[in-house]
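See structure below.
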Amino acid sequence: MKSNVLFASCVISLSFISVFAILSVLSFSRVRAQEKATCASEKRAWQQTDWAAVTNLYRIYASKLVSTNVPGYEEYRQPFRGGGVPSGYEIRSDYEGETVTAEGQLNLSFNRRTLTPYRIYNKKLIDFVNTNAVQKVPTLTMTEAVREAKRYLDLIGISLPTNMVLKGCLFDGSYYKHSWTVAWEPTAGGYTYDTVMEPYVQFVSVVFNERYGFLRFHMQDYWPLPKSTDVKLTREEALAKAERAAPLVFKTPMFRARNGHSDYKVRTVEEIALRVYLPNWALDPKRAVWIRDRPPTETRLCWMVHFVTVDVHTGKTGEHGNNPQYVWIYVDAVTGEIVGANFT
């Protein structure tokens, strides 16, 4: 009798557990389905928001930056037509943060969260000006050209940061022909920023044509300021540290991959200068940053020591392609620490 009761109790318990398990699975499945639906809904909302941002920014910039005498002006009065990808825009996340890029009548690139523009350019008009608008002699003075470039920044809604200084003012360059290119670069404590690694160079630039107006805006201004610009290391001390560090660069996997072997020595110092630098910790395998996939969190004021190498096998200047083999060592001007290196 007791065994029958015990058996019945076990059956009831197992049945209860089975039912509970089934209900749990069904409940979990419903939760997962709800989560997926929520994610899909959020994604659609983001897509709608991103597309709305693209079309709204285009409408604003087209109305402010495209002159009525531009060839095909009526095209810019039409709604934005994104090309290149099915959605009409792309999203990427890298050293500039999360960025939306779209190609249409104007090409746009802006911060996804703040909508701050990074790049605006009129490719069609640039191509037209380069091939048709022949003007070898400017009518504006350089002072007037800088003033005009600042006017375009105002139209875009960009205020030059207080640490930006005029870097150059060029008319009829090799790429933007018959047009003005005006550029500014950042400083910290009066020291300019490093420009060796092109993807990360910091600047603001405006390109315009005297007849047809705005052509291009480009801004890269995402480096934080260094905590200190109080130089404590002498130039000679920096050179000694950099010379000792250079052989370690030749042994890094990245250098060997690009140059085949590591049998180089530094032969000549091309330049020693103070620069604000984005540490890449190239000599520390655990910290080395060769490709940046997120915005940087620190900069340092460094002595940049620029070397030319010699190949120990041939006795000739090291080469990379058709160029001399260069190595840059960055020594923190405050602490004396080796915080990075670059090379060709």
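The analysis underlying the following values was restricted to heavy atoms, covering all of them including side chains, and did not include hydrogens, waters or symmetry mates. Throughout, residue positions are numbered sequentially from 1 according to the sequence presented.
By the neighbour-count criterion of 12 heavy atoms within 6.0 Å, atom CZ of Arg151 is densely surrounded, having more than that number from other residues, nucleotides or ligands.
Of the possible polar contacts, none joining the Asn342 side chain to the Val196 backbone as a donor-acceptor pair under 3.5 Å is found. When atom types are taken as modelled, the side chain of Trp281 and the backbone of Ala341 share no donor-acceptor pair closer than 3.5 angstrom. Here the side chain of Asn107 pairs no donor or acceptor atom with the backbone of Glu103 at under 3.5 angstrom. Formation of a donor-acceptor pair under 3.5 Å by the Asp172 side chain with backbone atoms of His178 is found in this model. Side chain of Ser63 to backbone of Ile60: a donor-acceptor contact under 3.5 angstrom is found. Of the possible donor and acceptor atoms, none in the side chain of Trp180 sits under 3.5 Å from a partner among the backbone N and O of Glu210. Proximity of a side-chain donor or acceptor of Gln220 to a complementary backbone N or O of Pro199 within less than 3.5 Å is detected. Between the side chain of Thr187 and the backbone N or O of Asn163 there is at least one donor-acceptor pair closer than 3.5 Å. No donor-acceptor distance shorter than 3.5 angstrom exists from the side chain of Gln78 to the backbone of Glu75, with no hydrogens or angles considered. Looking at Thr55, its side chain does come within 3.5 Å of a backbone N or O of Ala52 through a donor-acceptor pair.
At least one test fails for Arg292 against the ring of Tyr95: distance under 6.0 Å to the centre or angle within 45° of the axis.
The aromatic rings of Phe214 and Tyr152 are tilted relative to each other, their planes meeting at an angle between 30° and 60°.
Contact record, Ala246 with Ile329: CA-CD1, 4.1 Å, taken as the closest heavy-atom pair. Listed here is the closest heavy atom pair of Ser179 and Val129: OG-CG1, 3.5 Å. In terms of heavy-atom proximity, Arg235 sits nearest to Ile272 at NH1-O, 2.6 Å. When all heavy atoms of Pro224 and Pro296 are compared, the pair lying nearest together is CD-O, 3.9 Å. For the residue pair Pro226 and Leu301, the shortest heavy atom distance occurs at CB-N, 4.1 Å. Shortest non-hydrogen contact noted between Ser262 and Phe255 is CA-CE2, 4.4 Å.
Considering CG of Leu239 and CD of Glu236, their distance stands at 8.0 Å, rounded to 0.5 Å. For the atom pair CG (Leu106) and CZ (Arg119), the distance works out to 14.5 Å, reported to the nearest 0.5 Å. One finds the CD1 atom of Ile126 at 10.5 Å from the CG atom of Asn209 (value rounded to the nearest 0.5 Å). In this structure, Tyr76 OH and Lys124 NZ are separated by 5.5 Å, a value rounded to the nearest 0.5 Å. Going from atom OG1 of Thr181 over to atom CG of Leu215 covers 8.5 Å, rounded to the nearest 0.5 Å. Note that CG of Leu108 is 11.5 Å distant from CG of Leu115, once rounded to the nearest 0.5 Å.
Partners of Asp293 according to the salt bridge (Lys or Arg N to Asp or Glu O under 4.0 Å) rule, which considers only residues two or more places apart in sequence or in another chain, do not exist here.
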Between Arg59 and Phe80, does the side-chain contact (heavy atoms from CB on, under 4.5 Å) criterion hold? Intermediate values first, please. CA-CA 7 Å; Arg59 178 177 51 80; Phe80 182 79; over 6 Å; no
CA sep, side-chain torsions, deciding dist, call: Lys241, Leu233, side-chain contact (heavy atoms from CB on, under 4.5 Å): CA-CA 10 Å; Lys241 286 177 175 287; Leu233 200 71; 4.2 Å; yes
Begin with the C-alpha distance, continue with both residues' side-chain angles, and end with the deciding distance and a verdict on side-chain contact (heavy atoms from CB on, under 4.5 Å) for Trp328 and Met197. CA-CA 11 Å; Trp328 292 266; Met197 293 297 289; over 6 Å; no
Verdict with supporting geometry, Arg147 and Glu144, salt bridge (charged side-chain N to carboxylate O under 4.0 Å, His left out): CA-CA 5 Å; Arg147 187 182 304 123; Glu144 291 169 335; 5.1 Å; no
Check step by step if side-chain contact (heavy atoms from CB on, under 4.5 Å) holds for Met219 and Thr116. CA-CA 10 Å; Met219 178 173 70; Thr116 301; 3.8 Å; yes
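Between the side chains of Arg267 and Thr317, at least one donor N or O lies within less than 3.5 Å of an accepting N or O. Side-chain atoms of Tyr176 and Arg216 form a donor-acceptor pair, as typed in the model, at a separation below 3.5 Å. Between the side chains of Thr143 and Thr141, no donor N or O sits under 3.5 Å from an acceptor N or O. Between the side chains of Asp194 and Tyr330, at least one donor-acceptor pair of N or O atoms lies under 3.5 Å.
Ring centroid separation for the pair Tyr200 and Tyr222 does not come in under the 6.0 Å cut-off. Ring pair Phe203/Trp184: centre-to-centre distance not below 6.0 Å.
Side-chain contact between Ile156 and Pro117 is present, with heavy atoms from C-beta onward closer than 4.5 Å. For the pair Val204/Phe217, a side-chain contact is recorded, criterion being any heavy-atom separation below 4.5 Å from C-beta on. Within the 4.5 Å cutoff, side-chain heavy atoms of Gln105 are placed close to those of Tyr58. Looking at Phe343 and Val249, their side chains come closer than 4.5 Å, going by heavy atoms from C-beta outward. Considering only heavy atoms from C-beta on, Trp303 comes within 4.5 Å of Val231 through its side chain. Thr192 is not listed as a side-chain neighbour of Val276, based on a closest heavy-atom distance of 4.5 Å or more. A 4.5 Å side-chain heavy-atom check between Val331 and Cys302 finds every atom pair outside the cut-off. Residues Val310 and Val266 fail the side-chain proximity criterion, which asks for heavy atoms closer than 4.5 Å.
Note on Leu160 and Tyr118: same hydrophobic cluster, where clusters join Ile, Leu, Val, Met, Phe, Trp and Tyr whose side-chain heavy atoms are under 4.5 Å apart, directly or indirectly. Connection of Leu125 to Tyr175 is established within a shared hydrophobic cluster, with ILVMFWY side chains joined at heavy-atom distances below 4.5 Å, either directly or through further cluster members. Residue Val201 is not grouped with residue Trp223 when hydrophobic side chains (ILVMFWY) are merged at heavy-atom distances under 4.5 angstrom, including chains of intermediate members. When the side chains of ILVMFWY residues are joined at heavy-atom separations under 4.5 Å, either directly or via intervening members, Tyr121 and Val70 end up in a single hydrophobic cluster. Hydrophobic clustering, with ILVMFWY side chains joined whenever heavy atoms are under 4.5 angstrom apart, keeps Leu170 apart from Val206.
Checked for salt-bridge contact, Glu98 and Arg92 miss the test: no charged N lies under 4.0 Å from a carboxylate O. Taking 4.0 Å as the cut-off between side-chain N and carboxylate O, Asp127 and Lys123 count as a salt-bridged pair. A salt bridge links Asp332 to Arg300: one of the charged nitrogens lies within less than 4.0 Å of a carboxylate oxygen. No salt bridge links Asp94 with Arg294; every basic N to acidic carboxylate O contact stays at or beyond 4.0 Å.
With Tyr264 as reference, Thr309 is the one residue of Thr309, Val312, Val327 to meet the side-chain contact (heavy atoms from CB on, under 4.5 Å) rule.
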